[in-house]
Amino acid sequence: MLYPIATDSRVVLDLSGIWNFMLEDDNQEVDVNQPLPTTDSMAVPASFNDQSVASEVRRHTGYVWYEKEFTVAKALRNERLVLRFGSATHEAWVYLNGELLVHHKGGFTPFEAEMNDLLTEGTNRLTVRLSNILDYTTLPVGNYTEKKDEDGNLVRNVDENFDFFNYAGLHRPVRIYSTPFDRIEDIVIVPEVDLDNKKADVKFSVKTGGEFDEVRVTILDEDGKEVAQAAGQETSATIDNVNLWQPLDAYLYTAKVEGIKNGETVDVYNEPFGVRKVEVKEGKFLFNGEPFYFKGFGKHEDTFVRGRGLDEAYNVLDLNLMKDMGANSLRTSHYPYSEEMMRLCDREGIVVIDETPAVGLMASFNFDLSMLEKGAVDDGTWDKMDTTEAHEQVIRELIDRDKNHASVVMWSIANEPASYSKGAYEYFKPLFDLARELDPQNRPLTFVNIMLAKPKADLCADLVDVIALNRYYGWYVNTGDLDEGEKGTREELLEWQEKYPEKPMMYTEYGADTVAGMHSMYHEPFSEEYQEDYYRMNSKVFDEIPNFIGEQLWNFADFQTKFGIMRVQGNKKGIFTRAREPKRVVRYLSERWNSIPHLG
Ligand code: GCB
């Protein structure tokens with residue numbers, strides 16, 4: 001699926017702005033043939049939760065409705081018109097002028113539908129019913145319950161099986177774009193790099209709808225100069241003296257793809273792409289032939305008021321803060337980020353580990369944890385979860401959406417599943433196979449391993465190219481005791497190294513909750529001093545481990561979570577506050593990261 005852009009043959013209309021909004025009332029059926037009985041305002045794109053002062057809106061679980069009227073100019077109505085949602089969290093039923101146009105489940109990937117047949121002259125009414133219900137069939141996974149209140153009304157509840165607030169709404173742009181009826185539908189780009197000769201052979205596969213006499217691909221450099229041409233739907237072109245896409249030194253070519261009929265260009269689409277080679281070899285992650293060291297973050301799409309909604313100013317600031325610190329990478333924890341963020345990472349040279357929304361795949365901590373010292377257990381997770389279908393779907397949709405991004409160097413199939421529980425390998429093996437089959441660029445794969453699944457207990461590390469670990473020695477275990485934390489960290493990393501000498505490993509999370517402005521002479525937990533000591537301790541151990549290829553800390557910024565006795569206004573492991581003000585540790589990490597080369 002292509003990102004909607006304007007070209008000589010395409011127009012994009014944006015339906016962002018104020019929509020009508022209401023919560024669904026179980027006792028009152030909504031007639032989609034009539035305008036919604038509400039004039040309450042809701043901004044799009046954004047979560048609905050933090051835009052209202054009513055706690056029943058903020059905490060609503062179940063269904064909500066959005067509606068917007070729009071007009072499409074006559075000049076456009078003879079084109080093919082597509083309605084496209086960047087995402088709708090988590091399940092959407094979309095009606096145009098009272099007719100169901102499209103349904104989509106999964107809150108973090110785009111979907112679209114041709115709308116010509118339902119479009120009318122003058123005012124059109126676009127109505128969206130959304131559900132924010134998460135259960136054991138969805139990703140993320142939620143603990144879903146229903147009960148009746150005193151008046152007999154149904155009360156739904158989702159208890160997040162994960163540590164971030166279940167923000168919902170129309171989180172990303174809703175757009176209409178036009179194409180000619182004979183059109184380019186998809187472009188797959190696979191650059192094969194010959195590093196010795198500074199050449200790249202770029203393979204293109206162009207999917208079309210309708211009919212063309214010819215498909216032409218022209219490669220343009222950053223100055224818009226033509227560097228190569230090719231013809232055909234399955235074709236390739238060579239770039240000599242190629243400019244490589246390097247971490248923090250991005251170079252983007254543009255593939256200008258034209259569909260030609262009777263000698264005229266009918267449709268044209270411009271897809272940016274970078275040329276780079278990533279591979280995992282002998283315990284290293286090679287980027288254009290050189291060992292790469294990941295420095296950076298797990299983060300969230302999380303800002304004041306907008307919740308999880310797209311905010312491009314925050315995205316730009318966040319990447320600028322990262323670059324200033326000498327960071328080079330992020331993981332899209334714990335769901336696919338907006339297409340706008342992915343394009344920004346391409347442009348800024350930020351390296352991305354692209355994660356599915358598979359988080360919460362764990363039945364509970366209700367078993368004897370000490371058993372894990374001996375080996376795997378059976379905590380019932382893989383009998384209880386019914387997520388295979390959703391998991392396959394998100395892998396398909398994520399790879400389909402992000403396959404051409406130079407910034408994406410690895411897929412993360414899940415965050416912290418119960419990989420210590422019997423049945424985990426059988427659950428994951430087909431999903432890893434699917435991802436390997438689908439990715440045209442054959443990127444390395446990982447999943448993010450939870451602290452319970454140490455080398456003796458984990459059942460899934462055989463499946464990964466890179467071992468990615470979330471570890472909290474000195475925080476959740478050995479709280480406040482960094483000497484013990486250091487021992488635990490070292491011991492475990494050496495154990496992994498010994499078990500998988502050929503696999504590189506990295507931290508994808510490590511952190512300590514820190515209240516901005518809290519200081520302690522005794523460097524106690526929650527103080528800015530403790531956070532700095534904690535990171536210094538970890539850095540020391542990382543530097544001793546030969547196959548250690550990166551540190552992505554938790555978290556870039558403080559973020560909103562559900563209520564919990566360990567969460568005061570959310571998770572405070574940010575090294576920046578939610579307002580992006582630095583905590584004390586930023587100085588230390590900036591110095592460290594600015595002195596570690598990205599490559600070599
Ligand atoms: C984790 C999770 C992350 C949490 C973090 C924490 O392991 O992957 O979602 O926010 O721990 O702070 O507890």
Side-chain angles (χ1 to χ4, degrees), residues 107-108 134 139-143 158-167 296-302 307-308 330-337 353-365 369 372 381 412-421 446-454 457-458 460 467-480 485 488-489 492 505-516 525-526 530-531 534-535 538 551-578 583 585:
F108 302 93
L134 295 173
L139 294 175
V141 175
N143 300 292
V158 169
D159 175 21
E160 295 93 328
N161 213 29
F162 46 86
D163 184 36
F164 52 93
F165 190 81
N166 186 24
Y167 279 119
F297 301 92
K299 73 192 292 300
H300 268 296
E301 291 186 318
D302 174 277
R308 217 165 299 301
L330 61 87
R331 172 171 62 117
T332 69
S333 43
H334 297 309
Y335 36 79
Y337 287 3
I353 300 176
D354 207 357
E355 186 158 281
T356 72
V359 56
L361 288 164
M362 177 180 303
S364 75
F365 290 111
L369 295 182
L372 291 170
T381 297
S412 164
I413 301 299
N415 180 70
E416 297 196 339
S419 65
Y420 49 78
S421 181
T446 193
F447 77 93
V448 170
N449 166 299
I450 191 170
M451 188 145 187
L452 303 176
K454 292 193 198 173
D458 176 82
C460 296
I467 296 173
L469 304 172
N470 290 355
R471 292 297 180 270
Y472 290 93
Y473 291 103
W475 189 253
Y476 289 123
V477 295
N478 318 124
T479 314
T489 306
E492 191 186 341
M505 60 180 142
M506 65 183 290
Y507 264 21
T508 32
E509 282 183 29
Y510 62 120
D513 284 87
T514 304
V515 178
F526 293 105
Y530 187 77
Q531 190 181 36
Y534 172 90
Y535 280 107
N538 277 282
E551 47 197 82
Q552 289 189 332
L553 61 77
W554 193 254
N555 185 286
F556 175 73
D558 293 346
F559 59 92
Q560 196 53 265
T561 64
K562 67 176 174 183
F563 293 116
I565 49 170
M566 296 200 303
R567 297 286 178 262
V568 185
Q569 276 195 336
N571 186 310
K572 293 281 188 284
K573 293 193 187 70
I575 65 159
F576 292 94
T577 64
R578 203 178 188 208
K583 298 183 191 171
V585 71

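Both counts, for ligands and for their atoms, begin at 1 and track the order of listing.
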Checklist outcome for this item: protein heavy-atom neighbour closest to atom 4 (C) of ligand 1 works out as D163 OD2, 3.3 Å
Item to check | Distance-only donor-acceptor check, side chains N571 and D163, under 3.5 Å | outcome: yes
Checklist outcome for this item: of all protein heavy atoms, closest to atom 12 (O) of ligand 1 is K573 NZ, 2.5 Å
Next on the checklist: Less than 3.5 Å apart, any donor N or O on the side chain of D558 or T577 sitting next to an acceptor on the other?
Outcome noted: no
Checklist entry - Quick check: does any side chain N or O of T381 sit under 3.5 Å from a backbone N or O of A363, one acting as donor and the other as acceptor? => result yes
Checklist entry - How does R567 reach ligand 1, if at all, at less than 4.0 Å between non-hydrogen atoms: by side chain, backbone, both, or neither? => result side chain
Item to check | Distance-only donor-acceptor check, side chains E492 and Y473, under 3.5 Å | outcome: yes
Checklist entry - Who's closest to atom 9 (O) of ligand 1 heavy-atom-wise, of M451, H300, H334? => result H334
Next on the checklist: I need the nearest protein heavy-atom contact for atom 1 (C) of ligand 1: residue, atom name and distance, please.
Outcome noted: E509 OE1, 2.9 Å
Checklist entry - Got the closest protein heavy atom to atom 7 (O) of ligand 1, with its distance? => result E416 OE2, 2.4 Å
Next on the checklist: So that I know where these two stand, are H300 and Y335 an aromatic pair - ring centroids less than 6.0 Å apart?
Outcome noted: yes
Item to check | Contact atoms of ligand 1, heavy-atom distance to Y476 under 4.0 Å | outcome: 6 (C), 12 (O), 13 (O)
Checklist entry - Less than 6.0 Å separating the ring centroids of Y535 and Y510? => result yes
Next on the checklist: For F162, state whether at least one heavy atom is located under 4.0 Å from any atom of ligand 1.
Outcome noted: no
Next on the checklist: Less than 3.5 Å apart, any donor N or O on the side chain of E551 or N538 sitting next to an acceptor on the other?
Outcome noted: no
Next on the checklist: Please classify the W554 to ligand 1 contact at 4.0 Å (heavy-atom distances, strictly less than): side chain, backbone, both or neither.
Outcome noted: side chain
Item to check | F556 and F576 aromatic ring geometry - parallel, tilted or perpendicular at 30°/60° bounds | outcome: tilted
Item to check | Pairwise side-chain contact, I575 with F297, heavy-atom cut-off 4.5 Å (strictly under) | outcome: yes
Checklist entry - Is it the side chain (CB and beyond), the backbone, both or neither of N415 that lies under 4.0 Å from ligand 1, heavy atoms counted? => result side chain
Checklist entry - Does ligand 1 have an atom that lies less than 4.0 angstrom from a heavy atom of R471? => result no
Checklist entry - Is it true that F559 lies under 4.0 Å from ligand 1, counting heavy atoms only? => result yes
Item to check | Part of N571 with heavy atoms under 4.0 Å of ligand 1, whether side chain, backbone, both or neither | outcome: side chain
